[in-house]
Amino acid sequence: MSTASMTFGRSTRLTAPRGALWFGNAAAALINFLRRVDQWQLKRARSEPQNAEEVLTWARSIEASDPGFAADLRAAVYRSQSRDN
């Protein structure tokens, strides 16, 4: 008798535990949602001011957290505006 034809006990069937498919689908959905949120935040953070008014708006928005940088932004806008006039 060859070893290929020998069987010991019951044949083993691999079955997923109860709820594993549901949990896997829920985890995949959560990961996809978090990726979308991440991409949305990255896209939102990449927006750069295009004109002097947008730079001043940006300076006002960061005034509380970084007043020195906000002052530098305002000074750059005013310098740019004085050159244009």
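- Of the inter-residue distances, the one linking Arg35 atom CZ with Leu30 atom CG reads 11.0 Å to the nearest 0.5 angstrom.
- Checked for salt-bridge contact, Arg60 and Glu54 miss the test: no charged N lies under 4.0 Å from a carboxylate O.
- For the pair Thr57 (side chain) and Glu53 (backbone), a donor-acceptor distance under 3.5 Å is present.
- Contact detail for Ala70 and Ala59: the closest heavy-atom pair is CB-O, 3.4 Å.
- For residues 68-82, the pairs satisfying salt bridge (Lys or Arg N to Asp or Glu O under 4.0 Å) are Glu63-Arg74, with sequence neighbours left out.
- For residues 50-69, the ring pair (Phe, Tyr, Trp, His ring centres under 6.0 Å) pairs, not counting sequence neighbours, are Trp58-Phe69.
- Going from atom CD1 of Ile62 over to atom CG of Leu73 covers 5.0 Å, rounded to the nearest 0.5 Å.
- Hydrophobic clustering keeps Trp40 apart from Phe33 (ILVMFWY residues linked when any side-chain heavy atoms are closer than 4.5 Å, directly or through intermediates).
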